[in-house]
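The block underneath contains the structure these notes are about, expressed in structure tokens.
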Protein chains: 2
Amino acid sequence: MESRIERICVEKGLKMTGQRRVIARVLSEAIDHPDVEELYRRAAALDRRISIATVYRTVRLLEERGILERRDFGGGRARYEPTEHGRHYHLIDIDTGRVIEFEDREQERLMEQIAARLGFEPVSTRLEIYGRRRGTRAAPRPAAQDEETQAAEGLPR
Amino acid sequence: MESRIERICVEKGLKMTGQRRVIARVLSEAIDHPDVEELYRRAAALDRRISIATVYRTVRLLEERGILERRDFGGGRARYEPTEHGRHYHLIDIDTGRVIEFEDREQERLMEQIAARLGFEPVSTRLEIYGRRRGTRAAPRPAAQDEETQAAEGLPR
DNA sequence: ATATGTGCAAAATGTTTGCTGTACG
DNA sequence: CGTACAGCAAACATTTTGCACATAT
């Protein structure tokens, strides 16, 4: 069956190989913000004949085509999510690495206004709040290695 | 003479070596958002006895102490600027890599409100608008290599 | 059929670290 | 003086790439 991202790829005239189909499916089903390593892990679980180089090449291609957006929440690895034209932003819990998404029309309006004032046309925007859960003492981070990948699971979208 | 950042370091009880003094001075005088490589170049121009490892160690230390903030505007390298407690945000010209700073009390207020609504205390925030100068055709990027470093010079602060 | 994509392993980046000698407080 | 820092080069982590082969259109 054709995944949402695969459909978009086809519409944009991309050549769909088996590997790309699998990666597109993984991306379509992701509710978090996986990094390339994680995408590779999920894709390889569905089809072993996928190399990490292909994942890198594919996300780069899809980003160039505007299908994906690259995010960087710190931690050295790029993370990806499907482009959504109703924009949403991120709040990152600095103690756990958990990422919470939110929307805000007001922010969006303000950003457009600011860009216009400076003579620019906004193409994409980033708004991130790094914060601590209310009433939490400044705490040592719990996990470490894949804290950001793992912590972002099962979040409301 | 003691640079602004050096003074802050001393206040925070950091041991000031010759190298740190030079790096602090370079940072104090920077009006752009240099990456580590660029900081190293500027520091080495003042005093040859500085290694890039020291620059990395120093910016990391200063970031941990809240004296510097790390930014990532894409392009794979971390960039640094002195922490300013009156927050400011960035608009990045996607055609040239130029970075324009701006402030907006309204945005700040909104972000605090949103964090509060989600039960969080904001610790730091990022707001970036990637945009294109009005009336510019989607253009191929001009330079390439150090476009971001070089383009950010001479901007209003 | 042909242009494009893929795997693999090697290279290129950007950043961190172990070790030994040096210098600040 | 002792502890923390600096230089160097090697180690690391992530991402990109050259080349020969495979595959979609």
Side-chain angles (χ1 to χ4, degrees), chain A residues 2 6-7 9-24 26 33-41 43-44 46-65 67-68 70-80 144-149, chain B residues 2 6-7 9-24 26 33-41 43-44 46-65 67-68 70-80 144-149:
Chain A
E2 196 178 54
E6 178 178 350
R7 190 172 332 113
C9 291
V10 172
E11 278 163 17
K12 299 227 174 192
L14 295 183
K15 186 192 265 189
M16 290 313 286
T17 64
Q19 289 87 331
R20 285 190 185 167
R21 237 183 289 277
V22 171
I23 295 169
V26 167
H33 305 76
D35 58 33
V36 173
E37 196 93 34
E38 178 62 22
L39 286 174
Y40 170 59
R41 236 173 283 135
L46 297 179
D47 182 343
R48 188 53 65 69
R49 305 168 311 166
I50 288 180
S51 77
I52 195 160
T54 297
V55 180
Y56 272 107
R57 283 191 271 232
T58 303
V59 292
R60 183 146 53 111
L61 176 71
L62 299 204
E63 197 205 350
E64 282 163 5
R65 297 301 218 271
I67 300 168
L68 290 184
R70 190 200 320 224
R71 301 280 172 196
D72 168 63
F73 300 140
R77 309 124 103 119
R79 301 168 68 163
Y80 290 88
Q145 201 61 305
D146 23 20
E147 124 190 11
E148 337 221 24
T149 294
Chain B
E2 196 177 54
E6 179 179 349
R7 191 173 331 114
C9 291
V10 172
E11 278 162 16
K12 299 226 175 195
L14 295 182
K15 185 192 266 190
M16 291 313 286
T17 64
Q19 289 86 333
R20 284 190 186 168
R21 238 182 290 275
V22 171
I23 295 168
V26 167
H33 305 77
D35 59 32
V36 172
E37 195 94 34
E38 178 62 22
L39 285 174
Y40 170 59
R41 236 173 283 134
L46 297 179
D47 182 343
R48 185 57 62 70
R49 304 167 311 164
I50 287 180
S51 78
I52 196 161
T54 296
V55 180
Y56 272 107
R57 282 193 270 234
T58 302
V59 293
R60 182 146 53 111
L61 177 71
L62 299 204
E63 197 206 351
E64 281 163 5
R65 297 303 217 271
I67 300 168
L68 289 185
R70 190 199 320 223
R71 301 281 171 196
D72 168 62
F73 300 141
R77 309 123 103 118
R79 302 168 68 163
Y80 290 88
Q145 201 61 306
D146 23 21
E147 125 191 10
E148 338 220 22
T149 294

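Heavy atoms only: backbone and side chains are in, while hydrogens, waters and symmetry mates are out.
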Do side-chain atoms of [X] reach the backbone of [Y] as a donor and acceptor pair under 3.5 angstrom?
| X | Y | answer |
| --- | --- | --- |
| A:Arg21 | A:Glu6 | no |
| B:Arg20 | B:Thr58 | no |
| B:Arg79 | B:His33 | yes |

Measure from [atom1] on [X] to [atom2] on [N] and round the result to the nearest Å.
| X | N | atom1 | atom2 | value |
| --- | --- | --- | --- | --- |
| A:Tyr40 | D:dT16 | OH | P | 17 Å |
| A:Arg77 | C:dG14 | CZ | P | 18 Å |
| B:Met16 | C:dA23 | CE | P | 16 Å |
| B:Leu61 | C:dC24 | CG | C1' | 15 Å |
| A:Glu63 | D:dT15 | CD | C1' | 13 Å |
| A:Arg57 | D:dT17 | CZ | C1' | 7 Å |
| A:Lys15 | D:dA22 | NZ | P | 15 Å |
| B:Glu64 | C:dT15 | CD | C1' | 14 Å |

> Taking for each residue the nucleotide of DNA chain C bearing the nearest heavy atom, is the 5' side occupied by A:Thr54 or by B:Val36?
Replying inline: A:Thr54
Under 4.0 angstrom between [X] side-chain N/O and [N] OP1 or OP2:
| X | N | value |
| --- | --- | --- |
| B:Gln19 | C:dC24 | no |
| A:Arg21 | D:dT23 | no |
| A:Thr17 | C:dT6 | yes |
| B:Tyr56 | C:dT15 | yes |
| B:Arg60 | C:dT17 | yes |

> Base, sugar-phosphate, or nothing for B:Arg20, non-hydrogen atoms under 4.0 angstrom?
Replying inline: sugar-phosphate
> How would you label the contact of A:Ile52 with the nucleic acid (heavy atoms, under 4.0 Å): base, sugar-phosphate, or nothing?
Replying inline: nothing
>> I want to verify a distance call: between C:dG7, C:dG14, C:dT17, whose nearest atom is closest to the B:Glu37 side chain?
In response: C:dG14
>> Is there a salt bridge (Lys or Arg N to Asp or Glu O under 4.0 Å) between B:Glu38 and B:Arg41? Walk through the geometry before answering.
In response: CA-CA 5 Å; B:Glu38 178 62 22; B:Arg41 236 173 283 134; 2.3 Å; yes
> Given the rule in the side chain to side chain contact (heavy atoms under 4.5 Å, CB included) test, do B:Leu39 and B:Ile23 qualify, once you have shown the distances and angles that lead to the verdict?
Replying inline: CA-CA 7 Å; B:Leu39 285 174; B:Ile23 295 168; 5.6 Å; no
